[in-house]
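Predicted model only: the values in this text are computed from it and were never measured. In what follows, every chain begins at residue 1, and chains take the letters A, B, ... in the order their sequences are listed.
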4 protein chains.
Amino acid sequence: MPKIVNHSERREEVVEATRRVILREGIEAATTRAIAREAGYSNGVLTHYFADKDDIMLSALHLSHRHIVERLRGKLAGLTGLAALRELLLDNLPLDDERAEESGLEIGFWSRSMTSPALHQAQRAEAEELRYLVRSLLGTAAEAGEIATGEDLDDVTERLLALVDGLSVHHLLYPDRLGAGRLERLLGAELDRLQSSSS
Amino acid sequence: MPKIVNHSERREEVVEATRRVILREGIEAATTRAIAREAGYSNGVLTHYFADKDDIMLSALHLSHRHIVERLRGKLAGLTGLAALRELLLDNLPLDDERAEESGLEIGFWSRSMTSPALHQAQRAEAEELRYLVRSLLGTAAEAGEIATGEDLDDVTERLLALVDGLSVHHLLYPDRLGAGRLERLLGAELDRLQSSSS
Amino acid sequence: MPKIVNHSERREEVVEATRRVILREGIEAATTRAIAREAGYSNGVLTHYFADKDDIMLSALHLSHRHIVERLRGKLAGLTGLAALRELLLDNLPLDDERAEESGLEIGFWSRSMTSPALHQAQRAEAEELRYLVRSLLGTAAEAGEIATGEDLDDVTERLLALVDGLSVHHLLYPDRLGAGRLERLLGAELDRLQSSSS
Amino acid sequence: MPKIVNHSERREEVVEATRRVILREGIEAATTRAIAREAGYSNGVLTHYFADKDDIMLSALHLSHRHIVERLRGKLAGLTGLAALRELLLDNLPLDDERAEESGLEIGFWSRSMTSPALHQAQRAEAEELRYLVRSLLGTAAEAGEIATGEDLDDVTERLLALVDGLSVHHLLYPDRLGAGRLERLLGAELDRLQSSSS
DNA sequence: AATGAATGAGATTTCATTCAT
DNA sequence: CATGAATGAAATCTCATTCAT
């Protein structure tokens, strides 16, 4: 009698372990062995739930995004327009250890995505969701008269998203130059500019 | 007399090959074997010109930066202040294939730098040069009254650099969303804002 | 259920193979490949049971010593003092093929120990056990009045141990000059001198 | 016009370099590159003067023995019999850095000799010379009445030579246990026993 | 379903040797 | 003669993957 196992639960368990390993030791240290050990299973178990390592890594990326979305859900509750946007973008900055690790994971996937179509595809899809959310909040904010109307909102969206990722990378690479406090202040100022330029 | 080989030329040859491999197949595919094959030599030849693989990779990063600097030198000739800054930042965007490859290489090194102290150190040193140059041009522009005086110029520097890297990543990852033309326009607008906000 | 393998048994299997390779082809020929082949496994299997090559080599040295101790245990049963000492030292001479191989292995490790701290440490620890045993037996023999009292027993210990190793090397290098029979006779005479010098 | 070079001089130069490398860094560090560098020549030059690396190593062993003989020649001048023997054997102990290195070199060759017929052959020939010399001095000492006549002098020869090598190894492996002073004292006592046992 | 033993390819690095100049 | 560039085999170690149990 084979033991009945909830496939998706077990997958999730392994993917969580993968995420933890990547966050803790970097994407290169995430070997199948390290993942299996972290998950508390043997090496061989991975075979049953994943096609191959790419499958695992892709799922780990997806999970990381879901984590971020979960955290955001709480923070955005009750907020709309510019206030929500501010919360959203600040949450995407590596302002504490947890988010620094998340950014590190994301950056690790960037380079991999450029040579792996599957990863690229996944990354693109999930990035689009974020873009759409930012764009929507900007639209709401504009309608509410919270921000200036001179600029194209799609352009603003791209600028803000690029700024968040650029600042994140620079914080991780050059922490002396760009500490967490300054990071926050720089992004805040950019958001302030959205308002001030309307006045 | 033996075949005399210019050491630095041969090093460059190998480093160029490394760069090509990274650009074409990604930084993970840049094994010593692949590099040697790409350079048209046997594996063992690397020994003559490099201490170890780190030496090769570091040199590849350095070479890429040198390429950029060389190209810039020509473009900046005769320019100062805001005009020079505009040229400099635009040149850092992946607006054509060559620069797209350069950006891809750079991004590949970001994640590696986070776990390799030697790479991190090199990256930091060279990034500081760029930062200093941008800051200087901003200072000159300010003195010449080309830009508004309200903002802290160090902050502006960081914002511009983050924007350039963020836009570069997004262009490479999401080319449909963020084509070369739009990239250029977005950065141009940001520079225009430096002026307009003074009016 | 997976194939269950007794870890220490498999380690022993590999270490025995290592020992055979060293005995047959010399310590320099004991590459990980040669060891794996001799053990009848693939290269990669060594990973499961050993941290690295040093671990294997050290275990091989340790195993050899354990072999010797096992054999001695039987021979020394019921013996004390000078008789036990005689048995002990004779057993350490390469008087048959088995012990010749053991001596050869030991000699191979001597030179390695001089440049490998880990090996050196292991060798020193195990040599000290032997020294202590010899010294103890000498003490017992002296108390029993079996040997002369004129000499410092620590010095005698060192002389006997040096003689055993020196004779062993010379037998292996110059078998024509120093056959097994003569080896035995020479060491026996040395032990006899311990007694006769008391008369 | 080819430059005229004294072949044996150039060989000697390289072999001296080899010896220096082995003495300084151990026999395993004596790579052809290291040897060539030490000799002040390029790698390729070795080809002209030696058949292969074995040829070099063998010559280095031979040279080391010649060095020892040279040093002895001076020390033995004017001495005969037991006094000469004492000088000879003491000179063979690793009582200072130079001789410790020489002993290290010798020990490194022991294990190699066991799997290399050519090395073995060379070692045997040169060991025989030493044995013959010791035996001769013992004979002279006996004729002069300097030592007891009870023992077979061939046996004494082997015992003394084994003791010297055994003590040398133990000094190098266990210097804490067997310092230079004690080494000298132990061998001296053994020589004294040759006399005292006659009384 | 789960184990973990085993595989074998491949990565980096080292080295004796060859050879065109 | 001498150089040193170049080779290619081999050594150690790592890792994703397979598979018998």
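- Put simply, NZ on B:Lys53 is 12 Å from C1' on E:dT13, counting in whole angstrom units.
- Residues B:Ala51 and C:Gly40 each lie close to DNA chain E; by heavy-atom proximity, the contact nearer the 5' end of the strand is made by C:Gly40.
- With both pairing distances under 3.5 Å, F:dT21 is matched to E:dA2 as a Watson-Crick or G-U wobble pair.
- Ion pairing between a basic and an acidic side chain is recognised when a charged N comes within 4.0 Å of a carboxylate O; C:Asp55 and C:Arg11 show such pairing.
- Note: CG (D:Leu46) to P (F:dA2) measures 11 Å, nearest angstrom.
- With E:dT12, E:dA16, F:dT14 as the candidates, the nucleotide lying closest to the side chain of B:Thr32 is E:dT12.
- Partner A:Met57 forms a side-chain contact (heavy atoms from CB on, under 4.5 Å) with one of A:Asp52, A:Ile27, A:Val15 and no other, that one being A:Ile27.
- Taking the nucleotide of DNA chain E with the nearest heavy atom to each of D:Gly44 and A:Val45, the more 5' of the two is matched to A:Val45.
- When each of A:Thr31 and B:Asn43 is assigned the nucleotide of DNA chain F with its nearest heavy atom, B:Asn43 is the one assigned upstream, toward the 5' end.
- The interatomic distance linking D:Met57 (CE) with E:dC15 (P) rounds to 13 Å, in whole Å.
- For the pair D:Glu12 and D:Arg19, the salt-bridge criterion is not met [side-chain N within less than 4.0 Å of a carboxylate O].
- Between A:Arg10 and E:dA2, a side-chain N or O to OP1/OP2 separation shorter than 4.0 Å is present.
- Counting heavy atoms from C-beta outward, A:Glu106 and A:Leu61 have side chains that approach closer than 4.5 Å.
- At the phosphate of F:dA6, OP1 or OP2 sits under 4.0 Å from a side-chain N or O atom of B:Tyr49.
- Comparing F:dG4, F:dA5, F:dT7 against the side chain of B:Tyr41 picks out F:dT7 as the nearest.
- An OP1 or OP2 oxygen of F:dA11 is reached within less than 4.0 angstrom by a side-chain nitrogen or oxygen of C:Arg33.
- A donor N or O paired with an acceptor N or O is found under 3.5 Å between the base of E:dA2 and the side-chain atoms of A:His48.
- Under the 4.0 Å criterion applied to side-chain N and carboxylate O atoms, D:Glu101 and D:Arg24 are not assigned as salt-bridge partners.
- Contact annotation: B:His7 does not reach the phosphate of F:dG4 (side-chain N/O to OP1 or OP2, under 4.0 Å).
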